[in-house]
Amino acid sequence: MNLKERRLELGLTLDEVGKLTGVGKSTVRKWETGYIENMGRDKIIKLSKALQISPLSILDPDNELLSDIKIKISETVNKLNVDRQQNVYNYAENQLKEQNGKVVNLPLVGKSAANPTELTYGDVEIEHDDFTDVPHGADTAIRIQGDSMEPLIHDGQIIFYHQQEEVENGEIAIVEIDGDGVTCKQIYYDYTSDEVILRSINKKYEPRHVKDDQVRIIGRVIL
């Protein structure tokens, strides 16, 4: 990028750019003619802000190091406020995940209560959606409701599980209780009393003991 053309495009004088960067106008003129070998990092940052361009446009004015599209992206992001820059980063991160990881279409179950005293009842709503970063072995997704599995699993988080009828002690599972309540809990078995213990990660919730014949394992959660 031509620094002089950019300065004139913004309607700035040599003096004004000098004040913004903390140097004299003669130094700014030298920069515009390509003498940037001894330009400090702090001056590069200040000049890029003054001209509303990427620092890379100063270091690589002929785009020899980066493609034109990368320069344009960097310059555009540099003009955004912090919140919008974060939005751009989040979008780019998702694009990268889609590029590097296989997009998998899985059934998404409506929701499961993470608090065993507030189970989700009624007909189970199932739709299909595309996901990236699906854990190996998972075949179903579900949205969690409640905070009893925090900090491991958060309220509203979509997690993945493998449909199976049995899990080992200590594993986290999606379970159905008494035929119409679905919850997400860490599972332990008490074989002496034929009970299944539903344990929360969040310590403010007490473990719940349920008779073995009242519990149906739907699947093992894969994190």
Undergrad: K211 side chain to S193 main-chain N or O, any donor-acceptor pair under 3.5 Å?
TA: yes
Undergrad: Can a donor-acceptor pair be found, under 3.5 Å and without considering hydrogens, that links the side chain of R7 to the backbone of L12?
TA: yes
Undergrad: Using 4.0 Å as the upper bound for N to carboxylate O, is an ion pair formed by E16 and K19?
TA: no
Undergrad: Are I45 and V28 linked, directly or through other ILVMFWY residues, by side chains that come within less than 4.5 angstrom of each other?
TA: no
Undergrad: Measure across V167 and A173 and return the closest heavy-atom pair with its distance rounded to 0.1 Å.
TA: CG1-CB, 4.0 Å
Undergrad: Between A138 and L106, which heavy-atom pair has the shortest distance, and what is it?
TA: O-CD2, 4.5 Å
Undergrad: Which heavy-atom pair separates P55 from I44 by the least distance, and what is that distance?
TA: CB-CG2, 3.9 Å
Undergrad: Locate the shortest heavy-atom distance separating I222 from G137; write the atom from each residue and the value.
TA: CD1-C, 3.6 Å
Undergrad: Honestly curious: do V23 and L51 fall in one hydrophobic cluster under the side-chain, below-4.5 Å linking rule?
TA: yes
Undergrad: Is any NZ, NE, NH1 or NH2 atom of the basic residue among R216 and E176 found under 4.0 Å from an Asp or Glu carboxylate oxygen of the other?
TA: yes
Undergrad: Spell out, as yes or no, whether a donor-acceptor pair under 3.5 Å connects the side chain of Q157 to the backbone of I144.
TA: no
Undergrad: Short question: side chain of E150, backbone of N202 - any donor-acceptor pair under 3.5 Å?
TA: no
Undergrad: With heavy-atom distances below 4.5 Å as the criterion, would you say the side chains of I201 and I153 are in contact?
TA: no
Undergrad: Could you check whether any side-chain heavy atom of K185 comes within less than 4.5 Å of a side-chain heavy atom of I197, counting everything from C-beta outward?
TA: no
Undergrad: Taking NZ in K43 as the centre, count heavy atoms belonging to other residues, nucleotides or ligands within less than 6.0 Å. Is the count above 12?
TA: yes
Undergrad: Please round to the nearest 0.5 Å and tell me the distance separating atom NZ of K25 and atom OG1 of T13.
TA: 8.5 Å
Undergrad: Could you give me the CA-CA distance, side-chain angles and deciding distance for I58 and W31, then say whether side-chain contact (heavy atoms from CB on, under 4.5 Å) is met?
TA: CA-CA 9 Å; I58 300 172; W31 292 344; over 6 Å; no
Undergrad: Hey, are the side chains of V88 and T76 touching, using non-hydrogen atoms and a 4.5 Å cut-off?
TA: no
Undergrad: If hydrophobic clusters are built from ILVMFWY residues whose side chains come within less than 4.5 Å, do I218 and L223 share one?
TA: yes
Undergrad: Test I159 against I142 for side-chain contact (heavy atoms from CB on, under 4.5 Å), laying out the working first.
TA: CA-CA 6 Å; I159 62 171; I142 190 168; 3.6 Å; yes
Undergrad: Should I53 and L3 count as side-chain neighbours, where that means a heavy-atom distance under 4.5 Å?
TA: yes
Undergrad: Heavy-atom distance under 4.5 Å between the side chains of L47 and M39, does that happen here?
TA: yes
Undergrad: Side chains of I174 and V221: closer than 4.5 Å at any heavy-atom pair?
TA: yes
Undergrad: Heavy atoms only: give me the nearest A141-I158 pair and the separation to one decimal.
TA: CB-CG2, 3.9 Å
Undergrad: Given side chains that start at C-beta, do those of V196 and Y189 come closer than 4.5 Å, heavy atoms only?
TA: yes
Undergrad: For the hydrophobic clusters of this structure (ILVMFWY residues joined by side-chain heavy atoms under 4.5 Å, transitively), does one cluster hold both M149 and Y188?
TA: no
Undergrad: Rounded to the nearest 0.5 Å, how far apart are CD of E75 and OG of S48?
TA: 10.5 Å
Undergrad: Please report the interatomic distance OG1(T21) to NZ(K49), rounded to the nearest 0.5 Å.
TA: 12.5 Å
Undergrad: Going only through I, L, V, M, F, W and Y residues with side-chain contacts under 4.5 Å, is there a path from L14 to L20?
TA: no
Undergrad: Measure from the side-chain N and O atoms of Q186 to the backbone N and O of G170, and report whether any donor-acceptor pair falls under 3.5 Å.
TA: yes
Undergrad: Determine whether D212 and Y191 make a side-chain contact, defined as any pair of heavy atoms from C-beta on separated by less than 4.5 Å.
TA: no
Undergrad: Could you measure the distance from the CG atom of D139 to the OH atom of Y161? Nearest 0.5 Å is fine.
TA: 7.5 Å
Undergrad: Report the distance from atom CD of E195 to atom NE2 of H209, rounding to the nearest 0.5 Å.
TA: 6.5 Å
Undergrad: Working to the nearest 0.5 angstrom, can you tell me the gap between I217 CD1 and I187 CD1?
TA: 4.5 Å
Undergrad: Search all heavy atoms of V210 against all heavy atoms of Q214 and return the closest pair with its distance.
TA: CG1-OE1, 3.4 Å
